[in-house]
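As structure tokens, the structure follows; a few thoughts come after it.
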Amino acid sequence: MTSDEQTGSGHEGCGCGCGTPGRDAFVQLGSRPADAAATPARGRHDVEQARVPAGRFTMGDSSGDQNLGDGETPRHELTLDAFEIDATTVTNADFARFVDDTGYRTEAETFGFSAVFHLAVAADPGDIMGQADGTPWWFGVQGADWAHPGGPRSDVDGLDDHPATHVSWNDAVAYCAWAGRRLPTEAEWEYAARGGVEGAKYPWGDAEVDDGGWRANIWQGAFPRTNTLDDGWLTTAPVRTFEPNGYGLWQPVGNVWEWCQDWFDPGYYARSPAANPAGPERGAQRILRGGSYLCHLSYCNRYRNSARSSNTPDSSMGNAGFRTVALREA
């Protein structure tokens, strides 16, 4: 492993290669100012739902693989009410319907750029703003957005069933407002990801991802330059790839990081309420869960049930998306 592969992501609480730098890491390289976002009207959310029963579970790392600074401990027991969560992350087709209905412009579009992994860049040299300090495999690319995930020379043709990416936390919340939904709390996300398997490292249990056949879309090979594509994918995979967990969620780990409702605080678990915790009241960064197609056991094992990351609410990247939760009935 080279020294640059060991370098942190540039945002608090991560320190992993697939954790994208915040938007500020690229703003200094030059970008267009943000416009005001459109206010979404109520729309149609067609993603299949997984019903997660009310219950009690132990939240936090049980494998001993926790990452210092992420706040995966102490382990603590929680009680959650039942809820319905998307069986898959929101796809490009889902997000396109939202955009078509509202005219919404994502923050990647209004800022004029987003973060793209270097092997996925599809842009002219003049559109590449430069590399993020400390994580040279991430480029700020002008014209990269959800419809152009690699940059202006890319599109999402043929990728309708892939997760929508280059969506900031703020963009995900705007989608939720249109759909009459919300983002999952971090506790809900982990409970759902575990699929009813208490104390396991992964949604399917403790077996490693490649034990007996691939179970998630992560990196294979020597990061960040060579991906052997053993699991079939360089970047995103269709949302229904591999097998769903015990609650019917597809790919809660690997593929793309998923935004959660909560602010990030590495010390929150020590004071978390015992029932339906909603996260800290304030913060600077929002929680991301599940890891992505850039994770690998050798340097970034954050594709575990308990793994945590975070980024600023206005940051967007080519390896993060979201799934939503139904609003509770009054």
Side-chain angles (χ1 to χ4, degrees), residues 5 9 16-20 47 86-96 114-123 135 137-139 141 144-151 153-167 193 201-204 207-245 249-259 288-305 307 309 316-323:
E5 288 165 3
S9 71
C16 58
C18 71
T20 318
V47 180
D86 293 340
T88 71
T89 51
V90 170
T91 66
N92 286 318
D94 299 320
F95 202 77
S114 191
V116 181
F117 184 65
H118 73 111
L119 295 182
V121 171
T135 51
W137 46 86
W138 283 109
F139 285 73
V141 178
D145 56 51
W146 76 270
H148 307 89
R153 297 181 64 180
S154 66
D155 55 45
V156 291
D157 289 350
L159 302 178
D160 281 356
D161 60 348
H162 285 237
T165 58
H166 297 287
V167 175
K201 186 175 181 178
Y202 303 115
W204 55 84
E208 289 302 327
V209 181
D210 60 348
D211 186 359
W214 287 97
R215 294 181 171 91
N217 176 19
I218 60 172
W219 184 276
Q220 305 90 53
F223 183 85
R225 300 176 183 87
T226 305
N227 190 330
T228 59
L229 306 181
D230 292 349
D231 66 5
W233 310 97
L234 174 63
T235 60
T236 59
V239 296
R240 290 179 182 269
T241 306
F242 311 108
E243 297 293 330
N245 73 3
L249 275 70
W250 295 78
Q251 297 194 84
V253 302
N255 213 23
V256 292
W257 285 100
E258 300 180 19
W259 289 110
L288 288 157
R289 283 302 206 110
S292 82
Y293 57 79
L294 295 179
C295 282
H296 188 273
L297 183 62
S298 68
Y299 69 91
C300 173
N301 60 346
R302 286 174 173 83
Y303 51 93
R304 296 171 291 106
N305 289 327
S309 188
S316 61
M317 60 226 74
N319 68 335
F322 68 104
R323 70 180 80 212

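Hydrogens, waters and symmetry mates play no part in the numbers below; they use all other heavy atoms, side chains included. Just so you know, these numbers come straight off a predicted model, no measurement behind them.
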Could you walk me through whether Leu234 and Leu229 pass side chain to side chain contact (heavy atoms under 4.5 Å, CB included), step by step? CA-CA 6 Å; Leu234 174 63; Leu229 306 181; 3.7 Å; yes

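Aromatic ring centres of Phe242 and Trp204 lie farther apart than the 6.0 Å criterion allows.
Without hydrogens or angle criteria, Arg289 side chain to Asn305 main chain gives a donor-acceptor distance under 3.5 Å. Under a 3.5 Å cut-off, the side chain of Ser114 and the backbone N or O of Ser316 do form a donor-acceptor pair. In terms of modelled atom types and a separation under 3.5 Å, the side chain of Arg215 and the main chain of Asp211 share a donor-acceptor contact. In this structure, the side chain of Trp259 engages the main chain of Val167 through a donor-acceptor pair within 3.5 Å.
Side-chain atoms of Tyr293 and Asn227, non-hydrogen and from C-beta on, never get closer than 4.5 Å to each other. Val156 places none of its side-chain heavy atoms less than 4.5 Å from the side chain of His162. Within the 4.5 Å cutoff, the side chain of Thr165 has no heavy atoms near those of the Asn319 side chain. For the pair Pro252 and Asn245, the minimum side-chain heavy-atom distance is below 4.5 Å. Considering only heavy atoms from C-beta on, Ile218 comes within 4.5 Å of Val209 through its side chain.
In terms of heavy-atom proximity, Ala164 sits nearest to Phe95 at CB-CB, 3.9 Å. In plain terms, the two heavy atoms of Val116 and Trp138 that are nearest each other are C-CE3, 3.4 Å. Nearest heavy-atom pair, Val90 versus Asp86, reported as atom, atom and distance to 0.1 Å: CG2-OD2, 4.1 Å. Minimum interatomic distance between Ala307 and Asn301 (heavy atoms only, all atoms of both residues): CB-O, 4.5 Å. Nearest heavy atoms, Gln251 versus Arg240: NE2-N, 4.3 Å. Trp257 and Ser292 make their closest contact through CD1-CB, 3.7 Å (heavy atoms, listed as atom of the first residue, atom of the second, distance).
Taking the six-membered ring where tryptophan is involved, the planes of Tyr303 and Tyr202 are essentially parallel, since the angle between them stays under 30° and well short of 60°.
Summarising the geometry, atom CG belonging to Leu288 is positioned 9.5 Å from atom CD belonging to Glu258; distances are rounded to the nearest 0.5 Å. To the nearest 0.5 Å, atoms CG (Asp157) and CG (Asn92) are separated by 10.0 Å. Rounding to the nearest 0.5 Å gives a distance of 4.0 Å between NZ of Lys201 and CD of Glu208. With values rounded to the nearest 0.5 angstrom, Asn217 atom CG is found 8.0 Å from Thr235 atom OG1.
Each of Val239, Val47, Val256, Thr89 was checked for a side chain to side chain contact (heavy atoms under 4.5 Å, CB included) with Arg323, and the lone residue meeting it is Thr89.
Judged purely by distance below 3.5 Å, without hydrogens or angles, the side chains of Asp231 and Gln220 pair a donor atom with an acceptor atom.
In this structure Asp230 satisfies the side chain to side chain donor-acceptor pair (under 3.5 Å) test together with Thr228, sequence neighbours excluded.
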